[in-house]
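Notes for the one structure printed next.
Hydrogens, waters and symmetry mates play no part in the numbers below; they use all other heavy atoms, side chains included. Here the structure is a predicted model, which is why all the values come from computation and not from measurement. Naming: A, B, ... by sequence-line order, numbering from 1 per chain.
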Amino acid sequence: MGTYDFQHIEKKWQAAWKARRSFVAEPLSDKPKYYALDMFPYPSGAGLHVGHPLGYIATDIVARYKRVQGYNVLHPMGFDSFGLPAEQYAIETGIHPAITTEKNITRYLEQMANLGFHHDPDALLSTAEPGYYKWTQWIFIQLFEHWYDKQAEKARPVSELVELFAANGNHSVKAASSYRKRFSAADWAAMTPAMQSDLLMHYRLAFLADASVNWCPALGTVLANEEVKDGKSERGGHPVERRKMKQWMLRITAYSDRLLADLDQLDWTDSLKAMQTHWIGRSEGAHVEFAVKGSNQTLEVFTTRPDTLFGVTFMVVAPEHPIVKSITTPAQQGEVDQYVVWAANRSEVDRMADTNKTGVFTGGYAINPVNQREVPVWISDYVVISYGTGAIMAVPSGDQRDWEFARKFGIDILQITNEGNMEEGPCDSKDARMINSGFLDGMTGHEAIRAMVQWLEEKGIGQQEITYRQRDVIWSRQRYWGEPTPIVYTPEGVAKAMPISELPLTLPEIDQYKPSPDGLPPLGRAKGWITLPDGSTRDLNTMPGLAGSSWYFLRYVDAASTESFADPAKLAYWLPVDLYVGGTEHAVGHLMYSRFWTKFLYDIGQCPVNEPFKKLVNQGMIQGTSQMMYRHKQTNELVSADLVDNEEEYVQLHVNVSLVRNGVMNVEGFKAWRSQESHVIRLNEQGEFRTVPMVEKMSKSKYNTVDPDEICREFGADTMRMYEMFLGPIDIAKPWNTDGITGVHSFLKRFWNLYVDNDNRLAVTGEEATAEELKLLHQCIKQVQDGIERLAFNTCVPAYMVLVKELTRLGCRKRQVLEPLAVMLSPFAPHISEELWEMLGHPRSILEARFPVLNEEYLREDSIELPVQINGKLRSKVVVPADADDDAVKAIIMADEKVLQWTEGKEVKKFIVVKGRMVNVVA
RNA sequence: GCGGAUGUGGUGAAAUUGGUAGACACGCCAGACUUAGGAUCUGGUGCCUUUGGCAUGGGGGUUCGAGUCCCUUCAUCCGCACCA
């Protein structure tokens with residue numbers, strides 16, 4: 001038998017591919033294109049572990065498969081290089097984040113090269129390079145210079161908005177804007193430049209605003225909602241509090257309805273679409289104005305149930321609501337102030353943990369417009385300022401929360417439907433009939449909603465409205481390691497975009513990376529950099545990590561471009577991305593902003609597609625399988641797990657997983673690993689020391705990390721690639737377990753030996769293949785092709801295994817079979833296939849070969865063994881000719897001895913033939 | 001609480017989408033070659049009271065036929081969460 005020297009083969013071909021530039025896509029071509037994309041990684045100091053490559057292997061297989069099917073394939077890789085870890089490291093050590101990042105990238109690239117990926121070297125990018133972030137800044141400026149026209153349903157230049165204002169004020173403007181007041185052309189003309197600038201901020205898609213932000217004191221920066229999990233920062237788990245600060249924001253809410261509606265066109269999983277749908281949170285309802293008693297103010301609310309207006313017995317406003325100041329009566333002032341302060345200081349975590357309703361009465365009353373009833377106005381933090389108008393009309397007979405609140409504070413509950421018992425809880429059914437509701441009485445909720453909206457609109461006290469849960473996103477971070485915001489402030493206080501010709505605005509060198517002593521962000525330390533010769537000053541914020549990743553898939557198509565972010569012709573050719581693979585953790589962050597930026601760039605004519613990612617797959621996380629050993633609490637003796645009877649007497653300790661194979665620990669290896677300590681080790685009767693597995697997150701401290709480099713060294717990249725795919729479906733989370741890898745490895749050895757003799761010389765013959773051999777080959781082609789198309793890579797591996805086993809059994813070494821087989825295996829195991837391809841005498845790479853074409857003819861059979869069921873139970877097997885028609889099949893089967901035995905004396909009621917599958921006789 | 005998924009041998013899993021459930025691999029058992037290796041090869045391996053019967057979390061239903069479709073229930077995972 002020959003020796004499969006995978007180490008030599010893999011090194012050889014990795015070097016050859018690099019030297020020959022085998023993976024460079026043709027920039028433009030008449031060929032059909034295929035764009036296979038991975039979510040690019042943040043280059044962390046820990047390097048890749050076996051969990052990372054799962055998705056990369058999947059896209060690589062598809063890329064190589066499409067390549068041998070004749071597609072022009074773009075399969076790029078890059079790095080999301082701005083981010084907190086490198087900056088924290090810089091604060092601690094003084095080492096510039098660029099240096100750390102560069103080092104980590106080098107390591108990642110090495111590890112990826114070891115796996116033989118088809119990544120295009122010309123497309124390589126890093127978001128922290130000025131040549132890249134120049135265009136991130138450019139897009140930011142475009143957002144700053146555009147507003148959203150709701151009428152035209154697209155972004156338009158701010159210069160056009162200024163023209164509209166100058167001609168007619170904002171009377172004819174229907175914009176996505178937080179600005180509610182009306183002004184005329186004369187008003188506009190009378191404003192100072194600073195006032196005009198402030199006003200335009202309410203319209204720009206990138207704008208400055210006073211925002212209630214997630215402030216993380218430990219990190220010294222604000223965070224986006226997506227970066228906060230359970231009241232703590234996603235990175236680092238530090239506490240987060242609410243604060244009001246002036247921040248850059250992006251008006252993503254202008255695109256909410258398009259982001260929602262266009263989900264329909266996408267081939268994404270239901271759960272992912274559901275997450276985005278929920279994040280956008282569209283709800284239809286009505287906007288209603290309540291007059292405030294003894295004042296000319298109004299209290300505006302949003303409700304999805306205008307049909308319940310007659311049931312309103314109180315109002316609730318958020319503690320931060322501006323009306324609180326004026327509506328509170330002197331008698332209630334003390335209590336209200338106390339509550340407002342208490343609510344403001346309450347942490348997010350406490351608020352979420354507490355399901356008890358709290359609140360106080362303001363002393364003020366509002367007037368219900370439908371029946372002029374005076375209802376008390378309360379404040380409570382179960383109403384949140386950021387959603388709707390920050391105030392609600394409370395209908396305790398129709399809403400669980402309002403009901404609880406009314407019960408707790410002894411407020412009236414007025415039943416308005418003919419269903420439900422108000423002692424037990426509210427009734428929220430829209431099918432119930434209305435009562436106590438004036439002109440709505442007798443209608444169902446559905447009818448009443450329409451009737452009430454019409455009534456409100458006629459009276460001018462409300463209208464139909466759509467509200468979104470999605471908020472505009474805060475786009476500034478008080479950090480160093482990010483894209484500087486390309487905005488300057490004139491001495492008059494007018495914010496201006498930098499001229500495009502001056503981009504990129506590169507990061508200044510500073511002495512330390514933490515905030516300046518006077519409380520400015522780190523960029524505030526760059527004294528010479530902040531102030532410009534004309535007296536203007538620079539913005540000191542950087543952009544969030546989301547910025548660079550919101551458009552990198554566009555840059556890949558033309559990563560070296562200096563004229564524009566990418567050549568329009570190339571964008572038109574390559575987009576959209578055909579397959580995007582990555583983790584589910586980006587479901588509402590990265591994926592939402594990428595869609596937003598794509599839509600914006602599409603609006604302004606810079607991007608040919610409205611949606612960037614046609615098909616998206618979330619790969620499941622690979623967890624670690626820790627190995628635990630037992631130590632006796634008293635004696636400290638280490639005991640083989642099968643000898644442990646009473647677990648209580650033992651403690652479980654982590655063992656390095658590389659020392660354990662199939663539950664048995666390498667005792668010598670363990671002693672070497674823990675050479676400092678001496679242990680009494682008790683083995684079982686077989687002389688083994690057994691451990692027990694435990695699935696948990698992969699982590700260095702649990703000694704359960706597996707380094708892909710180590711697997712490559714021991715078994716080779718081809719084995720590693722195939723094994724990760726063999727483990728199960730890519731979208732399912734599963735624990736890594738090295739045990740089964742030998743099965744895949746010995747398959748590759750058998751595969752190798754099919755082609756070579758004992759001296760590793762090619763032993764392939766030119767004989768004509770038999771029908772049986774061709775059938776086996778084409779069965780495999782069918783399964784592999786189908787498996788890759790469905791991204792069910794785990795079903796491909798057994799197909800190869802069966803074929804190789806059968807060919808070995810038959811002693812088939814025929815070129816006619818082995819040549820297509822090598823091409824077919826090349827997406828999964830590129831190195832070994834490439835080596836054999838060369839040995840088979842092909843001067844050009846296997847990447848230039850063609851995937852074998854399936855011929856169904858070879859799969860046809862002369863006769864079929866047909867299972868026969870009688871009344872649904874398997875009774876017999878009968879051989880019939882493949883071309884027999886149903887009547888012929890019936891005749892053969894009814895004559896079968898065993899069938900006759902079963903049907904004897906019974907009437908045959910039905911006879912069902914499923915050709916090639918099954919026959920069912922019903923007697 | 002709401003939303004989305006997933007439940008198949010000792011283990012990872014497959015099942016052409018309604019047609020012989022458990023392919024393939026690990027593990028385990030037996031054997032061969034050999035001498036100690038985490039090697040290679042061969043055979044076996046869902047369960048039972050074995051001419052047969054029972055098995056895809058549980059219970060019902062549709063069907064000649066259900067892992068697959070419908071209803072119901074339980075369990076696990078993920079996401080969101082006082083959203084008016």
Inter-nucleotide [atom1] distance ([N], [M]), Å rounded:
{"N": "B:rA5", "M": "B:rU62", "atom1": "C1'", "answer": "25 Å"}
{"N": "B:rU8", "M": "B:rG4", "atom1": "C1'", "answer": "22 Å"}
{"N": "B:rG1", "M": "B:rC69", "atom1": "P", "answer": "26 Å"}
{"N": "B:rG67", "M": "B:rG46", "atom1": "C1'", "answer": "15 Å"}
{"N": "B:rC24", "M": "B:rC74", "atom1": "C1'", "answer": "32 Å"}
{"N": "B:rA23", "M": "B:rA15", "atom1": "C1'", "answer": "8 Å"}
{"N": "B:rC82", "M": "B:rC77", "atom1": "P", "answer": "22 Å"}
{"N": "B:rA66", "M": "B:rU50", "atom1": "P", "answer": "26 Å"}

Nearest listed nucleotide, side chain of [X], among [options]:
{"X": "A:M801", "options": "B:rU20, B:rA25, B:rA84", "result": "B:rA25"}
{"X": "A:F726", "options": "B:rC24, B:rC64, B:rC80", "result": "B:rC24"}
{"X": "A:R750", "options": "B:rA13, B:rC82, B:rA25", "result": "B:rA25"}
{"X": "A:D381", "options": "B:rA84, B:rC82, B:rA25", "result": "B:rC82"}
{"X": "A:Q869", "options": "B:rA84, B:rG19, B:rA81", "result": "B:rG19"}
{"X": "A:K357", "options": "B:rU20, B:rC82, B:rA84", "result": "B:rC82"}
{"X": "A:K877", "options": "B:rA14, B:rA25, B:rU20", "result": "B:rU20"}

Mind checking who [N] pairs with, Watson-Crick or G-U wobble, both distances under 3.5 Å?
{"N": "B:rU50", "answer": "none"}
{"N": "B:rC80", "answer": "B:rG1"}
{"N": "B:rC28", "answer": "B:rG44"}

Problem - Check: A:S386 main-chain N/O paired with A:R471 side-chain donor or acceptor under 3.5 Å - result: yes
Problem - Under 3.5 Å donor-acceptor, A:D381 side chain and A:T358 backbone - result: no
Could you tell me whether the phosphate oxygens of [N], OP1 or OP2, come under 4.0 Å of any side-chain nitrogen or oxygen in [X]?
{"X": "A:K734", "N": "B:rU6", "result": "no"}
{"X": "A:R469", "N": "B:rA84", "result": "no"}
{"X": "A:K910", "N": "B:rU63", "result": "no"}
{"X": "A:S380", "N": "B:rC82", "result": "no"}

Listed pairs under 3.5 Å, donor-acceptor, residues 776-789 of chain A side chains, sequence neighbours left out:
from: A:H778; atom 1: ND1; to: A:N855; atom 2: N; distance (Å): 3.0
from: A:D786; atom 1: OD2; to: A:R790; atom 2: NH1; distance (Å): 2.8
from: A:E789; atom 1: OE2; to: A:Y65; atom 2: OH; distance (Å): 3.0

Compare all side-chain heavy atoms of [X] with those of [Y] and state whether any distance is below 4.5 angstrom.
{"X": "A:L791", "Y": "A:V581", "result": "no"}
{"X": "A:L803", "Y": "A:L754", "result": "no"}
{"X": "A:Q7", "Y": "A:R713", "result": "yes"}

Contact class for [X] vs. all strands (heavy atom < 4.0 Å): base, sugar-phosphate, or nothing?
{"X": "A:E714", "answer": "base"}
{"X": "A:V588", "answer": "nothing"}
{"X": "A:V802", "answer": "sugar-phosphate"}
{"X": "A:S283", "answer": "sugar-phosphate"}
{"X": "A:I912", "answer": "base"}

Practice task
Check the surroundings of atom CD in A:Q464: do more than 12 heavy atoms from other residues, nucleotides or ligands lie under 6.0 Å from it?
Solution key: no
Problem - Over 12 foreign heavy atoms within 6.0 Å of NZ, A:K273 - result: yes
Nearest whole Å is fine: how far is [N] [atom2] from [X] [atom1]?
{"X": "A:M592", "N": "B:rG79", "atom1": "CE", "atom2": "C1'", "answer": "13 Å"}
{"X": "A:F751", "N": "B:rA25", "atom1": "CZ", "atom2": "P", "answer": "16 Å"}
{"X": "A:I385", "N": "B:rC82", "atom1": "CD1", "atom2": "P", "answer": "15 Å"}
{"X": "A:E668", "N": "B:rA36", "atom1": "CD", "atom2": "P", "answer": "18 Å"}
{"X": "A:N618", "N": "B:rG79", "atom1": "CG", "atom2": "C1'", "answer": "11 Å"}
{"X": "A:E724", "N": "B:rG12", "atom1": "CD", "atom2": "P", "answer": "17 Å"}
{"X": "A:D428", "N": "B:rC82", "atom1": "CG", "atom2": "P", "answer": "18 Å"}
{"X": "A:W403", "N": "B:rG1", "atom1": "CH2", "atom2": "P", "answer": "16 Å"}

Considering only nitrogen or oxygen atoms on both sides, find all protein atoms under 3.5 Å from nucleotides 2-5 of chain B and state each distance.
from: B:rG4; atom 1: O2'; to: A:S271; atom 2: N; distance (Å): 3.3
from: B:rA5; atom 1: OP1; to: A:D270; atom 2: OD2; distance (Å): 3.3

Under a plain distance cut-off of 3.5 Å, with no hydrogens placed, do [Y] and [X] share a side-chain donor-acceptor pair?
{"X": "A:S283", "Y": "A:Y387", "answer": "yes"}
{"X": "A:Y723", "Y": "A:N737", "answer": "no"}
{"X": "A:T389", "Y": "A:E300", "answer": "no"}
{"X": "A:W268", "Y": "A:N618", "answer": "no"}

Exercise for the section: Kindly assign one of parallel, tilted or perpendicular to the pair A:F409 and A:W378, based on the angle between their ring planes and the thresholds 30° and 60°. Expected result: tilted
Exercise for the section: Have a look at B:rU6 and give me syn or anti from its glycosidic angle (syn if within 90° of zero). Expected result: anti
Problem - Chi-angle category of B:rG10 [syn within 90° of 0, anti beyond] - result: anti
Practice task
Could you say whether A:M918 or A:P729 is positioned toward the 5' end of RNA chain B, judged by the nucleotide with the nearest heavy atom to each?
Solution key: A:P729
Handout entry: Contact nearer the 5' end of RNA chain B, comparing A:I870 with A:Y382
Key = A:I870
Problem - salt bridge (charged side-chain N to carboxylate O under 4.0 Å, His left out) evaluation trace for A:R407 with A:E404 - result: CA-CA 5 Å; A:R407 293 286 283 204; A:E404 283 168 22; over 6 Å; no
Fill in the blank from the handout: Per the under-4.0 Å heavy-atom filter, residues of residues 779-795 of chain A near RNA chain B come out as A:R790, A:N794, A:T795
Exercise for the section: Return the set of residues passing salt bridge (charged side-chain N to carboxylate O under 4.0 Å, His left out) with A:D267 (not counting sequence neighbours), or none when no residue passes. Expected result: A:K615
Fill in the blank from the handout: Residue set satisfying side-chain contact (heavy atoms from CB on, under 4.5 Å) with A:S271, at least two apart, ordered chain then number -> A:T269
Shorter than 3.5 Å, N or O on both sides, protein versus nucleotides 26-34 of chain B: list them out with atom names.
from: B:rG27; atom 1: OP1; to: A:N662; atom 2: ND2; distance (Å): 3.0

